[in-house]
4 protein chains.
Amino acid sequence: MRQKDEAKAQDILRATLHEVQAVGLAGLSIEAVARRAGIATGTVYTYFRGKDALLDSLYLHTKTAFSDFVLRDDGLPLRAAFTRMTKAYLDYIIEHEAEIIFMGQMANSPYVTEQTREAAALGARPVAAMLERGKLEQLLKDLDTAWMMAFVGGTMKAMAPLAAGMSAAGYAAFQESVATLCWDALKA
Amino acid sequence: MRQKDEAKAQDILRATLHEVQAVGLAGLSIEAVARRAGIATGTVYTYFRGKDALLDSLYLHTKTAFSDFVLRDDGLPLRAAFTRMTKAYLDYIIEHEAEIIFMGQMANSPYVTEQTREAAALGARPVAAMLERGKLEQLLKDLDTAWMMAFVGGTMKAMAPLAAGMSAAGYAAFQESVATLCWDALKA
Amino acid sequence: MRQKDEAKAQDILRATLHEVQAVGLAGLSIEAVARRAGIATGTVYTYFRGKDALLDSLYLHTKTAFSDFVLRDDGLPLRAAFTRMTKAYLDYIIEHEAEIIFMGQMANSPYVTEQTREAAALGARPVAAMLERGKLEQLLKDLDTAWMMAFVGGTMKAMAPLAAGMSAAGYAAFQESVATLCWDALKA
Amino acid sequence: MRQKDEAKAQDILRATLHEVQAVGLAGLSIEAVARRAGIATGTVYTYFRGKDALLDSLYLHTKTAFSDFVLRDDGLPLRAAFTRMTKAYLDYIIEHEAEIIFMGQMANSPYVTEQTREAAALGARPVAAMLERGKLEQLLKDLDTAWMMAFVGGTMKAMAPLAAGMSAAGYAAFQESVATLCWDALKA
DNA sequence: CATGAATGAGTTTTCATTCAT
DNA sequence: TATGAATGAAAACTCATTCAT
């Protein structure tokens with residue numbers, strides 16, 4: 001993005017996100033993005049160098065927002081911190097369906113630059129630290145941290161869609177179940 | 001004349017699979033598929049009605065092969081059946097990287113017809129049956145079967161990539177760890 | 001056409017005729033012609049050098065058949081000969097809708113070779129002779145023969161479609177009207 | 001930005017017309033149209049949804065312009081009105097060779113929508129009215145109006161090509177001849 | 001000869017990007 | 001800067017023709 005109107009860059013990113021949700025990455029066109037953002041096609045190029053830059057930028061944006069919301073260690077006792085994270089994970093996925101789809105479509109596409117991929121990876125640091133703390137305290141199995149993180153992420157992504165249409169009470173129970181599932185899997 | 005050759009249809013499907021792995025669904029072109037399959041562009045259309053039909057067909061093909069290999073219940077005692085499945089799951093994912101990427105890219109794309117989506121869903125029946133057996137025998141938690149299946153699938157998909165480059169011994173240990181992780185999560 | 005099966009060449013010509021009627025010259029494909037003729041695509045090329053040759057040949061065929069049926073002078077007294085011709089003209093057009101459409105579509109297309117165009121023109125000789133006989137006998141106006149022939153042909157082509165769906169009696173009256181119309185126009 | 005330019009749409013229509021004249025409807029390509037219009041291929045699609053829409057639109061355009069020029073009843077005494085029309089008809093055909101060829105090629109093609117066909121048919125109303133006036137005044141034969149119109153149109157289309165290359169004087173005489181021919185045919 | 005699959009040039013159409021206004 | 005028409009390089013798809021069987 002550039003100098004002028006930061007809000008407009010956000011509009012474009014948001015429009016891209018929802019357009020991918022609607023038609024898939026393979027069906028994405030800049031014209032549709034512009035239409036959804038309520039601007040002219042050419043204006044997109046004032047804020048982003050091109051389609052690749054737009055998608056790469058959105059990917060980093062989305063990953064970062066996700067990490068900030070979910071992947072932190074707030075210093076609570078381990079079980080509590082872990083449960084907070086799994087619940088936040090579910091919350092995020094459910095409230096950000098478009099983002100999840102987008103990240104999934106981008107994962108194996110040639111649009112993400114290596115630089116962005118590396119930057120995005122940094123967001124997972126706090127969780128890694130939390131899990132390592134758990135291993136030190138012998139609360140968790142002595143497994144490779146990367147394995148554990150993959151496990152948690154995979155579980156969340158797989159289970160979140162199931163929460164669609166649940167009542168508040170049902171959802172609360174669901175969150176508990178998922179948290180327990182993960183904990184039981186990882187606990188020593 | 002040359003007779004329409006079933007093997008050639010397979011070649012095209014295989015070429016598509018690897019082309020998606022190489023350039024992503026968004027970057028897929030029929031010409032590249034044909035080149036990879038060693039045939040003329042037009043020939044693709046002798047075997048498939050068009051790009052949509054080709055991708056839809058490949059999706060069903062891939063899902064079915066996957067289900068046949070992984071998602072069956074061979075009547076072993078529950079724990080053994082469960083372990084066999086998780087190991088087969090990992091085996092499949094590792095030996096079929098292109099398929100996994102392809103299925104991931106297709107999942108939220110507009111290429112999959114509703115019909116195919118439904119047909120593909122049937123493949124999971126045996127696993128559902130196995131998990132229900134486990135609940136009846138009170139070996140597993142009393143959770144919704146759909147939740148359990150999502151959990152297992154998500155875990156596998158997330159963890160399989162970690163096996164990249166492992167030695168045979170390392171991989172055997174990894175399989176055990178994953179099987180245990182899943183079992184611990186689901187066991188009553 | 002070649003040596004083998006004269007009837008098959010006829011099948012192909014007939015199929016082409018009806019295919020043009022169905023989808024227009026612009027929509028004509030050899031595959032569709034072959035399908036309609038009940039043979040394989042390649043077989044068309046055994047009987048005709050290619051699409052151009054097929055269409056050119058069909059054009060000459062059709063024009064000739066038309067001339068033989070309609071554009072002759074059977075030596076009757078002029079008015080009778082004239083009336084016979086106009087009635088035959090209408091009969092032909094009505095019984096050969098496909099041929100008429102085909103000739104219309106071909107008229108301004110690049111498919112007709114100059115050679116064929118010239119050959120087709122010869123068919124009109126007898127009518128020209130008849131009209132000249134009429135001028136000599138001072139039964140007809142002293143107009144250029146080419147003008148008269150254009151007039152008669154144009155009238156027929158324009159009016160024939162109107163006969164669609166008429167009863168036998170209605171059609172007989174229609175034929176009389178058209179014959180009178182033409183005669184009144186040309187008579188001295 | 002450049003504003004969408006009505007003149008450019010006209011350029012495209014005109015280019016299409018002449019391209020059809022040059023290579024026939026069956027040989028028409030959008031690229032050739034664009035080249036003739038002096039624009040890029042893609043620009044055609046800014047003004048017309050596609051080839052079908054372009055041709056359909058051009059057909060309606062052409063038919064309407066033709067009707068406006070030829071098929072009107074300006075309230076002159078019948079014989080004069082009739083003569084004006086036949087002369088205008090010839091004038092039009094001679095000055096608009098491309099249009100005539102185009103309309104001929106389109107007539108039996110699948111490009112014309114039913115809607116357009118109906119709209120085009122309305123243009124003939126005034127002539128129908130004129131002929132009916134003639135029948136009421138007992139100046140014309142009591143024939144079906146549709147027959148009369150077909151007759152006049154057919155005669156014009158057939159005879160106009162004969163005027164090619166005539167001198168001004170010759171053409172004037174030709175117009176008179178044709179007008180007389182038609183009048184003699186239809187008069188009571 | 002008949003067949004119909006294979007070929008690949010050519011056609012329509014899309015769309016990222018540019019640029020005149 | 002914003003606009004959206006213009007561009008032209010792909011991409012999907014068609015189809016006349018060839019050729020292995």
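Order of the sequence lines sets the chain letters (A, B, ...), proteins ahead of strands, with each chain counted from 1.
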*asked:* Quick check on F/dT1: is either OP1 or OP2 less than 4.0 Å from any side-chain nitrogen or oxygen of A/Lys8?
replied: no
For [X], answer base if it contacts any base atom (sugar-phosphate contacts may also be present), sugar-phosphate if it contacts only those atoms, and nothing otherwise; contact means non-hydrogen atoms under 4.0 Å.
X: A/Thr43; answer: base
X: D/Tyr47; answer: sugar-phosphate
X: B/Leu54; answer: nothing
X: A/Gly42; answer: base

_Nearest heavy atom decides the nucleotide; on that basis, is B/Ala40 or A/Leu28 closer to the 5' end of DNA chain E?_
B/Ala40
*Let me know, please, whether A/Ile30 or D/Gly27 comes out on the 5' side of the other along DNA chain E by nearest nucleotide.*
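First, find each residue's nearest nucleotide; the 5'-ward one identifies D/Gly27.
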*Mark yes when over 12 heavy atoms from residues, nucleotides or ligands other than D/Lys51 sit less than 6.0 Å from its NZ; otherwise mark no.*
yes
_For A/Gln21, I'd like to know if atom CD has over 12 heavy atoms of other residues, nucleotides or ligands within 6.0 Å._
yes
Looking only at side-chain atoms of [X], point me to the closest of [options].
X: D/Ser29; options: F/dC15, E/dT11, F/dT17; answer: E/dT11
X: C/Thr46; options: E/dA6, E/dT14, E/dA2; answer: E/dA2
X: B/Ile39; options: E/dT7, E/dA2, F/dA16; answer: E/dT7

*Ring centres of C/Tyr92 and C/Phe66 under 6.0 Å apart?*
yes
*Any strand is fair game: report the nucleotide pairing with F/dA20 by Watson-Crick or G-U wobble, both distances under 3.5 Å, or none.*
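Check on F/dA20: paired to E/dT3, both distances under 3.5 Å.
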*Going by atom types alone, do B/Thr116 and B/Thr113 pair a side-chain donor with an acceptor below 3.5 Å?*
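Short answer, yes.
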[atom1] of [X] versus [atom2] of [N]: gap in Å, rounded?
X: D/Asp5; N: E/dA20; atom1: CG; atom2: P; result: 16 Å
X: A/Tyr45; N: F/dT7; atom1: OH; atom2: C1'; result: 13 Å
X: B/Lys51; N: E/dT13; atom1: NZ; atom2: P; result: 18 Å
X: D/Asp52; N: F/dT14; atom1: CG; atom2: C1'; result: 15 Å
X: D/Phe48; N: F/dA5; atom1: CZ; atom2: C1'; result: 15 Å
X: A/Asp11; N: F/dA2; atom1: CG; atom2: C1'; result: 14 Å
X: A/Arg35; N: F/dT3; atom1: CZ; atom2: C1'; result: 15 Å
X: A/Leu55; N: E/dT17; atom1: CG; atom2: P; result: 10 Å

_Which residue lies more 5' along DNA chain F, comparing C/Gly50 with A/Thr41 via nearest heavy atoms_ = A/Thr41
*Within the distance-only criterion (no hydrogens, no angle test), does the side chain of D/Ser67 pair as donor or acceptor with the backbone N or O of D/Lys63 below 3.5 angstrom?*
yes
